[in-house]
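So the structure is just underneath, and the comments pick up after that.
Read the numbers this way: they start at 1 and go in the same order the structure lists the ligands and their atoms.
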Amino acid sequence: MSRPDDICYIAPTDPDRVDDVERQLLGACLWSDQHDTSGFDEAAEVVAPDDFGVHAHRVVFRAMLELRATNAPVNAVTIFGRLRATGAASELGPEPGVWIGDTVTLQGSDLNARYYANQVREASRKRRLKRAIAEMSAVAARSPRPAADVLADCEQILFDAGDVDGAGTQCSASALVSEALDHIDRVASGLEPGGLPTGYADLDAITGGLVPGEVTVLAARPSTGKTALALGIATNATRGGAPALFVSLEMGRRSIMQRILSMRSGVRLDPIKRGTLNSDQAGRVDAAARAFAKEPFFLEEATPMSAARLAAIVRRGVRRHGLKLVVVDYLQLMEPEDTKAPKVHQIGLLSRRLKELARSCAVPIVVLAQLNRACEDRPDGKPRLSDLRDSGEIEQDADVCILLSRQRGQQDANDVWLIDADVAKSRNGATGEVTLAYRRPVVRFENAAVGC
Ligand SMILES: Nc1ncnc2c1ncn2[C@@H]1O[C@H](COP(=O)(O)OP(=O)(O)OP(=O)(O)O)[C@@H](O)[C@H]1O
């Protein structure tokens, strides 16, 4: 992340200082007159104030942005007035008026604004990268922590260095409209999928699938089947070719694999666990295993799992495997950033971090969460959003909240449980309830029409 005091980090001999080019860029911007601010507008698409290495240049460019925000012209007179009004003129030295005059005469037209802006931006990125590398060596040198944590911190530093994209995060209304219409066309023509299907048709009909950048919370009381449904969603995605990462903080890889083989083969979990398969079952498990081995499914079971560590893992997964889905089982088992903070704040911060991660990596994240006991005391036994254990912020940060509960009257011993999935919150879509069938002996969720 760039800092206001970036200038302190730039050595006078740094080859990535481009002081003259920066000043020529400002000259090109100031060339614009009342009727034509195209030079400045072009530059503002490419650079932000923090991209300038020289403090005075930043001050001037920031003042230009402030003027443009009020639709005022950007020229030598208006800038000088603005700097005087804000008390920033002294930052240009003892004679700010002369400084601005000299800057304008450096450049005879605004035609080169974009050319100079690209050079300023490039130099700024290189400096930022070098700072990141220095910061990473400092982290590695001083930290007595495990290598995996140091790596996670370094990846975060590197990501921040590459992520800051100056002025490039803003988009005009016309560009936004054309992008939105293009997206509609592409979805309609099947060129671009809508949300990633969960594989549960009724659920997808309400939510429209899992949307990149969005967080879906799947919450229930313990032993309702959250993990089974989440594994179903992840493996439905990978069966369709979409790479998925399943982060299991509760169950080890052997248990997860036994469940997947049971779900996929239709062979009961118990004989798979005990190793008591007959030849027919062994054949089915083998066929399921061979098919599954070719799918882009990735399991992460490392604990403790902090938000920073998860972010590093997900970013790497997106880069290397093109992840299209991340599932975290479950939120309350993640490691809090501040162990001394009250539980509510710890969980709130974790859920915010997941939202930031989903947005920055443009992947959907499904996170499992525990509900408190309140629903057990209600006559209908139905969970509500307020039952999300430990923090109301989970509900705020989530784009979609699905509350699972076993329908009343289902016996514990039934092979199939009917599970209500209440889409209680959907930021960009509909809410409503669907029923799924949980076929327990093979730990598999199915569309209710299939399961019954
Ligand atoms: N071998 C099995 N045979 C029958 N049912 C099973 C078997 N293994 C698990 N189950 C059922 O699955 C349920 C647990 O499913 P799952 O672990 O997906 O739930 P969960 O909501 O994730 O639970 P938790 O919050 O405790 O992790 C149990 O209540 C049980 O009914």
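Remark: Arg221 pairs with Glu376 by the side chain to side chain donor-acceptor pair (under 3.5 Å) rule, at least two apart or across chains. In this view, Gln407 and Gln410, Leu418, Asp420, Thr435 satisfy the side chain to side chain contact (heavy atoms under 4.5 Å, CB included) rule, not counting sequence neighbours. Here Asn278 pairs with nothing under the side chain to side chain donor-acceptor pair (under 3.5 Å) rule; sequence neighbours left out.
Here the closest heavy-atom approach between residue Ala430 and residue Ile206 is recorded as O-CG2, 3.5 Å.
Within the 6.0 Å centre-distance limit, the rings of Phe292 and Phe297 are counted as a close aromatic pair.
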Pairs under 3.5 angstrom, nitrogen or oxygen on both sides, ligand 1 versus protein: list them out, please.
residue, atom, partner, partner atom, Å
ligand 1, 1 (N), Asp270, OD1, 2.9
ligand 1, 5 (N), Arg440, NH1, 3.3
ligand 1, 12 (O), Tyr438, OH, 2.7
ligand 1, 15 (O), Tyr438, OH, 3.2
ligand 1, 17 (O), Arg259, NH2, 2.9
ligand 1, 18 (O), Thr227, N, 3.3
ligand 1, 18 (O), Ala228, N, 2.9
ligand 1, 18 (O), Arg259, NH1, 3.2
ligand 1, 19 (O), Gly225, N, 3.0
ligand 1, 21 (O), Ser223, N, 3.4
ligand 1, 21 (O), Thr224, N, 3.2
ligand 1, 21 (O), Gly225, N, 3.0
ligand 1, 21 (O), Lys226, N, 2.9
ligand 1, 21 (O), Lys226, NZ, 3.1
ligand 1, 22 (O), Thr227, N, 2.9
ligand 1, 22 (O), Thr227, OG1, 2.8
ligand 1, 23 (O), Ser223, N, 2.9
ligand 1, 25 (O), Lys226, NZ, 2.8
ligand 1, 25 (O), Gln370, NE2, 3.4
ligand 1, 26 (O), Ser223, N, 3.4
ligand 1, 27 (O), Glu250, OE1, 2.8
ligand 1, 27 (O), Glu250, OE2, 3.2
ligand 1, 29 (O), Ser223, O, 2.9
ligand 1, 31 (O), Arg440, NH1, 2.7

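Residues Arg440 and Asp415 are not paired through a salt bridge, judged by the lack of any N-O separation under 4.0 Å between the basic side chain and the carboxylate.
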